[in-house]
Amino acid sequence: METYQVNQNGYYGEFGGAYIPEILHRCVEELRINYRKVIDDPNFQQEFHQLLKDYVGRPSPLYLAKRLSELYGCKIYLKREDLNHTGAHKINNAIGQILLAKRMGKSRIIAETGAGQHGVATATVCALMNLECVVYMGKTDVERQHANVQKMEMLGARVVPVTSGNMTLKDATNEAIRDWCCHPADTYYVIGSTVGPHPYPDMVARLQSVISQEIKQQLLEKEGRDYPDYLMACVGGGSNAAGTIYHYLDDLRVKIVLAEAGGLGITTGKSAATIHLGRKGVIHGSKTLVIQNEDGQIEEPYSISAGLDYPGIGPMHANLAKTRRAQILAINDDEALEAAFLLTRLEGIIPALESAHALGALPKMKFKPDDVVVLTVSGRGDKDMDTYIKYKNQH
Ligand SMILES: Cc1ncc(COP(=O)(O)O)c(C=O)c1O
């Protein structure tokens, strides 16, 4: 049977691998050799799951959204990652990787962040575990997600604004990699999504897989079967989507729908819809789809949502798209904004702008009345209030 899981060399079909500068070879090898040993160790699992329960507040609820269901004529459950401590799914991965870093004897933690949720999650866990923390963030994102910058600083992290490129997630990642090259011995780089060289995409997917592990149990209790007809999630690099689909990847009864950021529209030149627009290339150490020009130069992406504003995509998702295991929809800024207001009015939940892209895919679907849909609300909208208020004032 075809499998959509990673293979031994870190590839999902033709995507993945580790394309890294010589200076990082030892760090990435050290990680590759250790990550499964550590993560699969019962002591690690015990500490990880205890923290997920008592510190993060897991399991996150699987909430039957009645009014949303009525509107779209099916049964829609929301997986409420927005209710986690720090407000998004990113904390699941941050806890896991920082526990791993400690076991590998690393004393300094670095991270990149776009929307700031991964930065806040990393700074939070570093405060908890008394570790030095440096977060790289594009200057554009520092400005549009300033509440999260203030949180990171209060938590004791140093936030470094990055002024190269269009000053967003790609540029922050470049800078974090540069830092890692300068401090390979004592520093651990916590990547916030299913991107980067092997083993990061697989490691982040495993740490986020608690989401689909819980969905299985919760659906069994609520529906008497442990699988839905549809799983829906937004994709930036792909971590909340990977967590949502992890335990269903090879279960073909379950349809997978992923929403990427269309920006102003995929034909406008102002988009971050990597799967629609990208070609095979290498970005941040991984062979995947990349938005690039004819000469192979990476193009600047655009999305209103800082967390989806990235010209690459996780290799797992590139493969799911290539093999047509997943349906990929590009959701534009205004469709996501509309969907955010709709969820707020119908269910009293203000979603993160990233999650609003998954919600924006709902009107494009054709559901049957007895379809069971699980859609992951990856984060809450507190950080996006300025954008929401501005949009409201204009409409
Ligand atoms: C709330 C939220 N959802 C989704 C994302 C996108 O990341 P990923 O595709 O890794 O889930 C981000 C990234 O910052 C985020 O903050």
Side-chain angles (χ1 to χ4, degrees), residues 60 78-94 97 111-122 135-138 141 144-145 147-149 151-152 168-170 172-173 190-196 200-201 203-205 207-209 211-212 231-246 258-261 272-275 284 286 288 301 303-318 320 326 328 331 336 339-340 343 349-360 375-384 387:
S60 66
L78 302 177
K79 182 60 175 160
R80 299 288 310 275
E81 293 299 299
D82 57 311
L83 293 179
N84 293 342
H85 179 42
T86 70
H89 65 295
K90 298 283 182 186
I91 188 89
N92 307 325
N93 169 55
Q97 284 200 53
E112 85 297 335
T113 198
Q117 289 301 130
H118 173 56
V120 169
T122 304
V135 179
Y136 291 92
M137 188 170 190
D141 295 337
R144 63 179 160 172
Q145 308 275 226
N148 276 342
V149 177
K151 283 186 195 166
M152 285 184 264
T168 61
L169 184 55
K170 159 178 71 66
T173 308
V190 184
I191 295 188
S193 192
T194 42
V195 298
Y200 279 105
M203 176 166 64
V204 176
L207 295 171
Q208 290 291 0
S209 71
I211 299 174
S212 51
L231 284 170
M232 299 179 70
C234 67
V235 248
S239 68
N240 85 92
T244 303
I245 63 183
Y246 192 84
L258 305 177
E260 56 178 3
T274 306
I275 297 176
H284 299 138
S286 179
T288 184
S303 164
I304 195 169
S305 148
L308 306 184
D309 199 353
Y310 184 66
I313 179 83
M316 174 201 274
H317 310 69
L320 293 174
I328 318 292
I331 306 302
L343 184 75
I349 297 169
I350 303 179
L353 254 173
E354 291 77 16
S355 324
H357 285 71
L359 293 156
L375 183 150
T376 294
V377 180
S378 54
R380 64 177 86 125
D382 306 23
K383 67 184 178 57
D384 300 309
T387 309

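In each ligand, atom 1 is the first atom listed, and ligand 1 is the first ligand listed. Basis for what follows: all heavy atoms, side chains included, without hydrogens, waters or symmetry-related copies. Along the sequence shown, residues carry numbers from 1.
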Asker: Can you see which heavy atom on Asn84 is nearest to which on His89, and at what distance?
Answerer: ND2-CA, 3.7 Å
Asker: Does the side chain of Asp309 come within less than 4.5 Å of Arg144's, by heavy atoms?
Answerer: yes
Asker: Which N/O atoms of ligand 1 sit under 3.5 Å from a protein N/O, and at what distances?
Answerer:
from     : atom 1 : to     : atom 2 : distance (Å)
ligand 1 : 3 (N)  : Ser378 : OG     : 2.7
ligand 1 : 7 (O)  : Lys90  : NZ     : 3.1
ligand 1 : 9 (O)  : Gly236 : N      : 2.8
ligand 1 : 9 (O)  : Gly237 : N      : 3.2
ligand 1 : 9 (O)  : Gly238 : N      : 2.7
ligand 1 : 9 (O)  : Ser239 : N      : 3.4
ligand 1 : 10 (O) : Lys90  : NZ     : 3.2
ligand 1 : 10 (O) : Ser193 : OG     : 2.5
ligand 1 : 10 (O) : Gly238 : N      : 3.4
ligand 1 : 10 (O) : Ser239 : N      : 2.8
ligand 1 : 10 (O) : Ser239 : OG     : 2.7
ligand 1 : 11 (O) : His89  : NE2    : 2.9
ligand 1 : 11 (O) : Ser239 : N      : 3.4
ligand 1 : 11 (O) : Ser239 : OG     : 3.2
ligand 1 : 11 (O) : Asn240 : N      : 2.9
ligand 1 : 11 (O) : Asn240 : ND2    : 2.8

Asker: With a 4.5 Å cut-off on side-chain heavy atoms, are Asn148 and Gln117 touching?
Answerer: yes
Asker: Decide yes or no on side-chain contact (heavy atoms from CB on, under 4.5 Å) for Thr113 and Asp141, but give the supporting numbers first.
Answerer: CA-CA 9 Å; Thr113 198; Asp141 295 337; over 6 Å; no
Asker: So, for Tyr310 and His284, is the gap between ring centers shorter than 6.0 Å?
Answerer: yes
Asker: How far does CG of Leu359 sit from CG of Leu78, to the nearest 0.5 angstrom?
Answerer: 7.0 Å
